[in-house]
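So the structure is just underneath, and the comments pick up after that.
Labels below follow one simple rule: chain letters A, B, ... track the order of the sequence lines, proteins then strands, and each chain is numbered from 1.
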Amino acid sequence: MNPEVRVRFAPSPTGYLHVGGARTALFNWLYARHCGGKFILRIEDTDKARNTQEAVQVILDGLNWLGLTWDEGPNAGGEFGPYFQSERESIYERYFQQLKSANHLYEDNGAWRFRSPREIVVVDDLICGRIEFDLTNPETHPDMTIRRPDGSWIFHFVNVVDDIEMKISHVIRGEDHLSNTPKHLELFKAIGCTPPRYGHIPLILNKDGSKMSKRDAGASITTYIEEGYAPEAVRNYLCLLGWSPKDNREKLELEETVRLFDLEKVNRKNAHFDLDKCLWLNGQYIIQMPLDRFCELSLPFINKAEIQYGSIDSLLPVLAIVKEKIKHLTEVPHWVSYFFTEEYTFDPEAIHKTLGNPNAPERLRTLASAFKNTDSWDLASIEASLKATATQLGIKAGELVAPTRVAVSGRASGPSLYHMLEILGRERTISRMNTTADTKCSPAA
RNA sequence: GACCCUAUCGUCCAGUGGCCUAGGACACUCCCCUUUCACGGGAGUAACACGGGUUCGAAUCCCGUUAGGGUCGCCA
């Protein structure tokens, strides 16, 4: 526990939240929670042309979806705000004047550059170790620009100023910033402040090792939201990219991850992104989550598909038998829809393969009338009735199950048939079976 | 090109000098379970990039090569 720990995620609003950025945010968040410190969100919107309110919202939505709540930042307040760089002009101006009067700056074609002290700078990185950078050669390490001729600010400068002002203790960021760090250290020194500790985490690349760009599958957090991933599963998968609990476990609860997480245990190798494994974890989470959580996550997709499920009480039993089949939440409407309408569609291939059997209509009608006479309508009596009818017809139970499944659902696959029929009810089951026998089957031979 | 980081199955992660005939997971193949599809259970294919050292002993330490990634902006 170290309540002095203050970390930040400082994204630029580019219109999407990159999966690598999300993991950076996650590692910062985990570190803050692990230490009992603070997690700060700062929006680096100095590039006025590119930044929009919508682009900011995408980031906030993504972080909220993943459950990465921030202690200070947009909509959260905090004593070191504002948390948008576009609103911190006067602060930058103050530091700018300080550096200028100490003769660290010079003008070059209207822009302002920082005069490098030309030294060997040591970065003592929490993850990468001790690294020496030789900045003595101006040819290979030109002085950095910190302010444009139009008065706007450059990333390196505002990033450092804000980390000072916001009392950031640890900077956990992508390895793409490792080579920038000595420059930042020069700035801290010139300003006269102790720099934070740095930890550069490896990058996330595509499965083939290429750089992940906006269009690549899985690159944007928005796609996980829209394609029906459970946030806890995505969070878990992201944890495993560059970090592990060291005991071969894959599925880890958040509380435990917070307890075990440490920067020293983050590895230094770039990770290749594997959407298949993420999807597997998603299925694991869904199958093991409580029914009410599954319902909560499914509802947006069910509503979007405009399924008239009536009440939650009538939806819940259906979700219960369908839950173990779901990999993407987007699949829920597909498995659920036919319980709530008589207008369900038939898969042409199922009609051809199963209902095309010349015996299908007779078998459906025979079973339907057997169903009419069962004492009660529960799992056991449905099963007993079906098996007795199969015996009576001299066929295997499976030969009765298949056409019945297609008749009541229009599909060749689905949840346990007995469970389906129980939920559907006796009347609807019989009606669907007879209607199907009349209208969907080939004429009996 | 210069500088920096990295290098274990196709992928993610274990492994920090002997317990490694290298372990787990995803994916893939096969088998079992089963009314379907899944789930679950079992088995299998598959890796220490290469070359030098150091050491009684190296996936683990050192050097080099190669490969991948990053940075070198008046982008962030």
Side-chain angles (χ1 to χ4, degrees), chain A residues 10-14 21 44-47 49-51 85 108-113 123 125 127-129 131-135 137 139-142 144-150 152-156 158-159 173-183 200 202-211 237 239-251 267-281 283-284 286-288 322-327 331 335 350 354 383 386-387 390 396-406 409 411-418 420:
Chain A
S12 176
T14 56
E44 305 222 328
D45 56 348
T46 55
D47 187 352
R50 257 162 67 182
N51 301 318
Q85 289 189 329
D108 175 18
N109 282 323
W112 288 89
R113 289 176 179 274
V123 175
D125 195 274
I127 295 165
C128 299
I131 305 160
E132 278 188 15
F133 290 89
D134 183 349
L135 305 191
N137 186 350
E139 299 294 316
T140 56
H141 296 87
M144 70 179 132
T145 305
I146 66 160
R147 188 174 203 180
R148 302 185 188 90
D150 68 0
S152 60
W153 309 98
I154 301 294
F155 159 75
H156 303 292
V158 292
N159 188 265
R173 55 176 20 170
E175 196 201 88
D176 50 338
H177 284 297
L178 185 55
S179 301
N180 289 150
T181 306
K183 295 185 207 172
H200 288 90
L203 270 17
I204 298 178
L205 309 174
N206 284 314
K207 194 164 183 184
D208 66 4
S210 63
K211 187 171 178 171
Y237 178 70
C239 286
L240 263 19
L241 253 28
W243 176 86
S244 87
K246 309 291 181 196
D247 59 5
N248 286 339
R249 283 180 304 156
E250 312 286 332
K251 187 168 181 269
N267 71 30
R268 301 150 85 172
K269 192 174 73 167
N270 288 166
H272 292 199
F273 189 78
D274 183 5
L275 199 54
D276 281 337
K277 185 152 181 177
C278 185
L279 185 60
W280 168 77
L281 252 182
Q284 291 294 305
I286 288 173
I287 206 167
Q288 291 171 33
V322 132
K323 184 163 161 273
E324 63 187 24
K325 311 186 67 60
I326 305 296
K327 278 272 177 62
E331 299 158 16
W335 295 116
T354 306
E383 182 171 355
L386 183 140
K387 285 185 171 163
K396 290 188 288 184
E399 293 180 86
L400 220 38
V401 166
T404 305
R405 175 186 298 288
V406 176
S409 73
R411 321 275 165 77
S413 69
S416 153
L417 180 71
Y418 307 129
M420 280 169 67

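- Base engagement by A/S179 is indicated by at least one non-hydrogen atom pair under 4.0 Å involving a base atom.
- For the pair A/P142 and A/L178, nearest-nucleotide mapping onto RNA chain B gives the more 5' position to A/L178.
- Among the protein residues, A/K323 comes within range of no part of the nucleic acid, since none of its heavy atoms lies under 4.0 Å from any strand.
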Exercise. Going 5' to 3' along nucleotides 23-28 of chain B, which nucleotides have protein heavy atoms under 4.0 Å from the base (write B), which only from the sugar-phosphate (write S), and which from neither (write -)?
Worked result: BBBB--
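- Residues meeting the salt bridge (charged side-chain N to carboxylate O under 4.0 Å, His left out) test with A/E383, sequence neighbours left out: A/K387.
- Taking 3.5 Å as the limit, the base of B/U35 and the side chain of A/R405 contain a donor-acceptor pair of atoms between them.
- Residue-to-nucleotide contacts include no donor-acceptor pair under 3.5 Å from the side chain of A/T404 to the base of B/U35.
- Residue-level contact check: A/H156 touches the bases, meaning some heavy atom is under 4.0 Å from a base atom.
- Using a 4.0 Å heavy-atom criterion, one finds that A/H141 contacts no nucleic acid atom at all.
- On the C1' atoms, B/G15 is 8 Å away from B/A59, given to the nearest whole Å.
- B/A7 and B/C13 have their P atoms separated by 11 Å, given to the nearest Å.
- When each of A/I287 and A/L241 is assigned the nucleotide of RNA chain B with its nearest heavy atom, A/L241 is the one assigned upstream, toward the 5' end.
- For the side-chain hydrogen bond (donor to acceptor under 3.5 Å, both in side chains) test, no residue two or more places apart in sequence or in another chain qualifies with A/T354.
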